[in-house]
Amino acid sequence: MSVLFYGSAIIAVLATLLVITRTNIVHALLYFIVSLLAIAVIFYTLGAPFAAALEIIVYAGAIMVMFLFVVMMLNLGQVTQDQEKAWLTPSVWIGPSIMAVPLLVAVIYAINLNQEQMAHTVVGGKEIGVALFGPYVLAVELASMLLLAGLVGAYHLARK
Amino acid sequence: MYSNLIIDLMQIIMLTISTVVVMMTTAFKRDHGLISGLTVFGLFASLLTFVFIQPVLPLEATQLLIIDEYSLFFSNLIIVGAIGVALLAYPYFQNHNVQNEEFYILLMTATLGAVVLACSNHFVSFLLGMEMMGVSLYAMIAYPVHAAKSAKFPLEAGVKYLILSALTSGITLFGIALVYAYIGTMGFDEIPAALEAAGELGPVFLIGVLMIVAGAAFKLSLVPFHIWTPDVYEGAPVPVTAFLATVSKAAMLAVTLRLLLVSNAIELNVVTTVLTVMAAASIIFGNLLALLQENVKRLFAYSSIAHLGYLLVIIIAAAKIPGTLSVEGVSFYMLAYFVMSLSGFAVISALSNSEKEYDQLADFRGLFWRNSWVSAVLITVLLSLAGIPLTAGFIGKFYIFTTGVESELWFLLTMLIIGSAIGLYYYLRLIYIMLQPAEDDTNDPAAVSLPLGVHAVMAAMTAAIIYLGVYPAPMIDTLQSLASAF
Amino acid sequence: MEMPTVTMQVIPMEHGLLLAAILFIMGMVGVLTRRNLVFILMSLEIMLNATGLAFIVASSHWGQVDGQIMFLMILSLAAAEVAVALGLVLQLFQKRKTLDINVLGEMKG
Amino acid sequence: MLDLLWLVPVIPFIGFLILTLTFGKLPQLAAGIVGAGSIGLSFVFAFLAGSSFLGAEISSYSQTLWTWMSVGDLEVGFTLYLDGVSLVMMYVITGIGFLIHVYATGYMSGDPSFARFFSYMNLFVSAMLILVLADNLALLFMGWEGVGLCSYLLIGFWYKDPNNGYCARKAFVMTRVGDAFMAIGLFTLFVSTGTLNIQEAMLEAEAQWVVGSGVATAVTLLLLGGAVGKSAQLPLQTWLPDAMAGPTPISALIHAATMVTAGVYLIARTHVLYLLAPEVQYLVGVIGAITLLMAGFTALTQSDIKKVLAFSTVSQIGYMFLALGVGAWSSAIFHLMTHAFFKALLFLTAGSIILAMHHEQDIFKMGGLRKDLRWSHALFLIGTLGLVAFPGFSGFFSKEEILASAMENHDGGYILYLAGLLGAVMTYLYSFRLYFLVFYGKKTHDGHEVMGLHLQGPLVLLAIGAVFAGFIHIPVEGVFPEMEEHHPSVMAQAAMILLPMLGGLLAWWVFVKGKVDTEKLAGQGFGAKLHRFWFTQWGMDWLYDKIIVTPYTWLAEVNKNDFIDSIYNGSARAVRFCHEVMSETQTGQLRWYAISIAYGLLLLVVLGVLL
Amino acid sequence: MILVWLITILFAGGIGAWLSEKRNPELPRVIALATILLDLFLVVLMLVAPGVLGLDSASQAELGQTGEWLILSSSEWIPRFGVAFIFGADGLGLLLITLTVFLGLMSLGSAWNEIKERTGFFYFNLLWTLAGVIGVFTALDLFLFFFFWEVMLIPMYFIIAIWGHENKEYAAMKFFIFTQVSGMLMLLAILMLVFFHYQSTGEFTFSYFDLLGTAIPDGFGFWVMLGFFIAFATKLPTVPFHNWLPDAHSQAPTPGSVILAGILLKTGAYGLIRFTIPLFPEVSADFAPTAMLLGVISILYTAKVAFSQNDLKRLIAYTSVSHMGFVMLGVYAWTSQGVQGAVMTMLAHGFSAAALFMLAGGLQHRIHTRQMDKMGGLWGVAPKMGFMAVFFTVAAVGMPGLGNFIGEFLVLLGSFRISIAAASLAAIGMVVAAVYSLIVIQKVFHGENKNNLVVEDLTTVEMICFGLMMIGLLWMGMYPQSMLNMSEPTLRSLGVLFFQ
């Protein structure tokens, strides 16, 4: 299991690195999906099979496809790719990247907790379902309103 | 018990129902007046439900929401703000040549989000409320993006707000995740117990809390997370700016204060230090930035940075003074600021529409002699913002001073005085411009006749400013009782 | 049907959080460095995804369901956000024929 | 009749009110009647009150009108106090004042501001009467300042010439310097004795103070400061010659007969204090001696007829100070009175001459006028003889008394005596220089005597006074400590009488015979320097200009815009600058905004880790 | 209640004046006149026949006060903080109220013919300023006091900003910021004081009577006192807080200058006497030498600056600062003579400065300049004006027989006891005052009328105003005891040092 976890972790990090450095949007999207799949594996190793499934279905399946649609609609060609290349000069990315280092160091320092090993239990779909329609029922209702807001907003904005 | 829960959630339920009704009506009949009327009616109906809610307080509606006097106060405030925004939006969008009805749906969802945020007692509802408000606002800010001739820069403002807000949402969420990882619970009121169980305070918890604070600071536009404020304020349609300045801030403030107090995070040294730095910086930078600002909307944006800095002083004071004074003070100041902002934006809105906004300082020249009523409202607002007696702003400032003195925050009080001194300049500058005779009357935004709604908003808010300034005792009593929740 | 509560092989929570943090900060760097609005949105998704991961890690650490619920909420949030954001992307491209966010700099001062 | 005393200062004040509040609408005749008549009436009441006072054979009489100020231990009444000294002063002021007023109705006739002139004059008389009748120093100070004000107003009476305004201001400010000292003196006296009532204070002082103690010295020095300013003694004398810019009756009344002698009156009034501070008393004498010499020399170089008289006034007051310095209190008052007569006469006659010469005041442009101006010549001669203390004339009696007292005084009085004697010589010299230059020599301009009862009438009365006033006995016994009678030796008396006459001879020799070319003497070499030195009153004006006036105006001009203001404006500018710097951060660029938020997060996280 | 009525009448009159403009632009001034006259009538009744108004000592007993308080009324306002409406007037208060109402009348007189535009709003502001000032003089709850302190500020700002002269924006802004910032310091100080009182007694109260004698922890006393002091010293004003004044005075319209110089400055002095020293007796005693030094510096420094001014109103403004230096000196001497002198200076300066500003304003109204080098020889064309100028200048110089002298004399006498050096230096002020005052007469009224200015002489309304002020000054100068008697019990109750 731990091999699976660390292997997927490395894949996720590398794929994500590629996402943020690609110049071609479609390539980047594909790498992103790779990253999402790797994370789904990690979810599984962590005992969250339901989340892993959702990660693939909703994230990789729905949201990324939405991106893909938009990219296709805009018909971005070679021009934008060259443009991206021109924009991604070291002078642009070095600053934020260097800034990210201390931030990462600080966070790593902070999460470097007690080293005790913790047991992982599998929390499957049923518990989630029970929780969703038990204590979290309001959250579900509210999430529907959130989606409604997104829907109405997107409907209005995306109109020609 | 169960029926109590229904009554408790009545406001939220009413809002949801109204949203659905408005949406359904829109689907069948697009009529700006009708929809706007329905919205206002729905909002009024949800506001009035507090009469039923009040007797059964307080109650936890599942672990997610808590309805007590405190949250009810802020919910009411939020709904009042939403009513105001709806009333302002009607004349503003009247000439807008593309569909306006969705705006009211978004307004309703945003309001709902704000109410949820104000009532939330759990990170899940916190997230949902914040994002419901946020997502609706993205669209509301960019609302006139289709118009052939839009008054401002809705697209620019919308994109800026979306990107930056999403960025800080991510930060907040990550912070919540860290906190959750450390203590294993997401209910606000369970945090102290969980912390105790976890033993010593881990840095991961602190960083998590700070990240949440950063997220809240973004919504409250506190330095250094203030930078979006002027652009978004300016670029958004005036009613939306009013919403941002009032409802969005009130909701976020309500939940932040609850979180800080209930979780005892306010007593953490790090948190008070960070808040102190943010308060001082907000007060000074906000006022400095506003100093020579020529655009009134941006001016209000910068001044809101400063005012939230002032407010933070009271919150910080909560760390040192026992009792309820601090909550009372925050609520009062927020109330005052709410009323002042709404009133101020009502004036700008009264002069503007979706095709042309009169938001340059020069547009206000001679307003006092052209339309003394509108200008008197604005003068009252500005004086109140400057903290002059007879206005709500003064009692608010009085609370800051009182709490500041009691908790001996001399540094912040010094900053407050310096900041207020700078602040006087730009408030007076605007007043002065209004008092001067106009150079020419051809470009006269005040000539437009205004619908009753805008007058009503201005009149009600001005009356509130004066009333709270002259006779604050009843409101203070109310706030005192709601503060006893903590 | 009863789901067996299997004690799985141990992975320290820190490692999970570490991964989430690395992804999160990579997403953030993406937001800061890219000029193309679509890339920025993608980077935001990376950040959201990373927080989702963090919640799952924490949830599995505590053996609770709450973290996963939060993950679900984040998922719906991401969907709603992306929907609205992509609407704006369309508008930007329609109006300016570019996705460069640097053109959005009319308001300042 | 004593209880009518309050009417004496009040009547002129009523005259002032009438003349002022009509704002020049009163016809000239009516204004003249009110102006001069009120003083006449006041004189009548003064006379009535005075005679009943003398008849009642009491040493003093006081009349409290109302409580002026009563704060804590300070009790100041609006109280008039009459004794021998104030009686003399009251007579001099109302009597001579009346004559001068009458004269002025003629002198000023036709002036567009005729009524204004008399309103100021009436106010002056009123204030002067309050000064001399005051029973406490606060009330005295009120009169003291009041006369200063009137002096200012009257010097600047012809307001169109800015120079008059300058002279008026100079007079006011310089006397105010003295007044400031006097005020501090009052405070010191009050703090020490607990009262401002003159008689009580003197009793208290006698009881408490040790002779020559610090407080006595301080109080007397400070009061002396006031006296010196008002009486134009060194070093504050320079305003008086400039004060001649006013109409001539003013010069006669204020700057010769009454106001300028207030200093003498003040010191005489508070003589007990000076007796407790012998050094200061001696200083009074020394100041008088130096002043009388200085003024004598300066008078010799002047060409303006009124300025010569002005310096002679300074000089004569120097005599009075000298007298005070040697303890000859009554002699000082006596000289004050006689001086009032002959100096008023001289000034008014000079006024007649000026009128006759069509407002020409330069004595070198006059000459040989004794034929044309018979009246003036005769009257001027009488005045001059009084001034030089020619035996038999009023000045003779008073000045001899002073010199005799000085001679007899054992504490260094001898030097004062010598100075006085030299001064007497100088008096002869400059007086007759003036007389000869005006009435003898070559006639260059025609003059026509302006005649009229109200012009010559008062002059004649004054002339009578100037001759016979020496025989008046002033009723000051009981006010001042008894002085032993001085009987200088015959030789000394002869020297005192004859020696000064040499000065007259010298004047005759130089100015009538023309034996010495004065112009040549004063025009080159050492003579020029000496002339200049004398002419400029020993350079005092120049000195004041350099060390006080110029630095003050420079300082004021440099700091015209109040440097403290620039501190505030500077901080305002700093805030503006900060605003501009801050505004630069609002670039409008989304990426920059995102980066700033990331930095903000970094800041927070770092703070969190560090703390 | 009568005090509340005084204020309410003014508030109501102000609103009435504003509203009446629509009907007829001439109406507001009539309403304002009626309002002020009504107030004046009430004030005179209070002074002459208090029985008619039902004033007796019964209401005083409630607050446990003894006879010094002639009028006292109290009711709740914000019980949460122990804030109450406490109004009271003793002799000192009554004197200042009388001064306020009287000078209000004078400023109305100066506005009568000068203010032609937006009359309604003008008289609204005028009356509200007066109401604020009366509030300041009568409020005995520190919150209420602060409230009125600010209320008088805003209408004044409007008066300067709307009807002011060429540089009004700068002046109005400066005026507002100076007073407001110092006011905030005072608010801070008030709250600290209340807090310390709360700490020792567990009771929130802003009542003046309760706060007297509050125990303040070591090290804080000075700062709390300083908060009050700076606020009052700014209003007074004292160097180095005086810079708002020359600008505000020179730019304000004449009625504004009259109120500013005549009344508003007095609130600062009143605050020092009523609050700063009695509330912090020990700290104030330690601070007194510094304050007296500031007073002396004010006297001399601003006299010097005044001397070089060419702008007539600016010059008069600087002289005001100089005169207020005497007040500072006298108050901090804290002897009966010193404080009585300060009170007399307040009253007399109110008259003389107001009159001088009216003259300067009248001149500006007639010849449209305040620059003295453009004037000259005006005596010939406007003798009445010249006479008034001389009279009030002379009064300002401190001529005995007029009110200012009594004030300065008593101040110097009172402070001489405490500090010989300070009093002696201040006495130099007598000399420099003569220097700058006479230069005004010289430049404006003496000399040749170079520019052939035609100046209409004073109108009847103006003559009445000046005449009343003349009588007032003469009254103060000749019979000051009538006023000294009124303020004496107050000073005794405040603990002023009486030497007997």
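Quick note on labels: first sequence line is chain A, next is B, and so on, each numbered from 1. Predicted model only: the values in this text are computed from it and were never measured.
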Q: Could you tell me whether the side chain of F409(E) reaches within less than 4.5 Å of the side chain of M69(D), counting heavy atoms only?
A: yes
Q. Mind checking whether L413(E) and V71(D) have side chains closer than 4.5 Å, heavy atoms only?
A. no
Q. Do L74(D) and L410(E) come within less than 4.5 Å of each other through their side chains, counting heavy atoms only?
A. yes
Q: May I ask you to check whether Y568(D) and F241(E) place their ring centres under 6.0 Å from each other?
A: no
Q) Atom CD1 of I439(E) and atom OH of Y166(D): how far apart are they, to the nearest 0.5 Å? A) 10.5 Å
Q.
Testing the basics here: between G72(D) and S336(E), what is the closest heavy-atom pair and its distance to 0.1 Å?
A. CA-OG, 3.9 Å
Q: Evaluate the side-chain proximity of Y170(E) to N569(D): yes if any heavy-atom separation is below 4.5 Å, no if none is.
A: yes
Q: Using non-hydrogen atoms and a 4.5 Å limit, figure out which bit of M483(E) sits close to chain D: side chain, backbone, both or neither.
A: neither
Q | Interface moiety of L65(D) toward chain E, non-hydrogen atoms closer than 4.5 Å | A | neither
Q | pair R176(D)-V397(E): side-chain heavy atoms closer than 4.5 Å | A | yes
Q: Pick whichever of P240(E), G386(E), G467(E) has the most heavy-atom pairs under 4.5 Å with chain D.
A: P240(E)
Q) Which answer fits Q340(E), side chain, backbone, both or neither, if we ask what part of it has an atom under 4.5 Å from a heavy atom of chain D? A) side chain
Q: Apply side-chain contact (heavy atoms from CB on, under 4.5 Å) to the pair I420(E) and F187(D), showing each step before the final yes or no.
A: CA-CA 9 Å; I420(E) 293 178; F187(D) 304 146; over 6 Å; no
(Q) For chain E, which candidate among D179(D), D161(D), T20(D), L21(D) shows the most heavy-atom pairs at distances under 4.5 Å? (A) T20(D)
(Q) Only pairs of heavy atoms separated by less than 4.5 Å count here; which of A572(D), A127(D), A180(D), G156(D) has the most with chain E? (A) A180(D)
**Q.** Plane angle bin for H446(E) and Y159(D) - parallel if under 30°, tilted between 30 and 60°, otherwise perpendicular
**A.** parallel
Q | Contacting region of M478(E) [heavy-atom separation from chain D under 4.5 Å] | A | both
Q: Quick one: pull up CD1 in I428(E) and CD1 in I184(D) and give me the separation to the nearest 0.5 Å.
A: 7.0 Å
Q: Pick one of side chain, backbone, both or neither for F190(D), based on which atoms fall under 4.5 Å of a heavy atom in chain E.
A: side chain
**Q.** Gap separating the CG atom of D565(D) from the CG atom of N243(E), nearest 0.5 angstrom
**A.** 4.0 Å
Q. Among L412(E), T335(E), L497(E), V435(E), which has the most heavy-atom pairs under 4.5 Å with chain D?
A. L412(E)
Q) So which part of T175(D) gets closer than 4.5 Å to some heavy atom of chain E, the side chain, the backbone, both or neither? A) neither
Q. At what distance, to the nearest 0.5 angstrom, does CE of M142(D) lie from CD1 of I406(E)?
A. 8.0 Å
Q. Among T67(D), L139(D), T188(D), which residue forms the greatest number of heavy-atom pairs with chain E at distances under 4.5 Å?
A. T188(D)
(Q) Taking side chain as everything from C-beta outward and backbone as N, CA, C, O, which of these in I130(D) sits under 4.5 Å from a heavy atom of chain E? Side chain, backbone, both or neither. (A) neither
Q | Leading residue by heavy atom contact count with chain E [cutoff under 4.5 Å; candidates F141(D), F181(D), W158(D)] | A | F141(D)
Q: Name the region of L484(E), side chain, backbone, both or neither, that has any atom closer than 4.5 Å to a heavy atom of chain D.
A: side chain
Q: With a 4.5 angstrom heavy-atom cut-off, could you sort out which part of W68(D) is near chain E: side chain, backbone, both or neither?
A: both
Q. What residue, out of F78(D), W144(D), Y152(D), has the most heavy-atom pairs lying under 4.5 Å from chain E?
A. Y152(D)
Q | Portion of F157(D) that has a non-hydrogen atom of chain E nearer than 4.5 angstrom | A | neither
Q: Decide yes or no on side-chain contact (heavy atoms from CB on, under 4.5 Å) for R169(D) and I441(E), but give the supporting numbers first.
A: CA-CA 10 Å; R169(D) 272 186 297 140; I441(E) 302 292; over 6 Å; no
**Q.** For E145(D) against P400(E), the heavy-atom pair lying closest together
**A.** CB-CD, 3.2 Å
Q. N485(E) versus chain D, heavy atoms under 4.5 Å apart: side chain, backbone, both or neither?
A. neither
Q.
Under 4.5 Å from any heavy atom of chain E, what part of I567(D) do you find: side chain, backbone, both or neither?
A. neither
Q | Under 4.5 Å from a heavy atom of chain E, the part of N164(D) involved | A | neither
Q. Who wins among H242(E), Q309(E), M430(E), R314(E) for the most heavy-atom pairs under 4.5 Å with chain D?
A. M430(E)
Q.
Counting only non-hydrogen atoms closer than 4.5 Å, does K174(E) touch chain D with its backbone (N, CA, C, O), its side chain (CB onward), both, or neither?
A. side chain
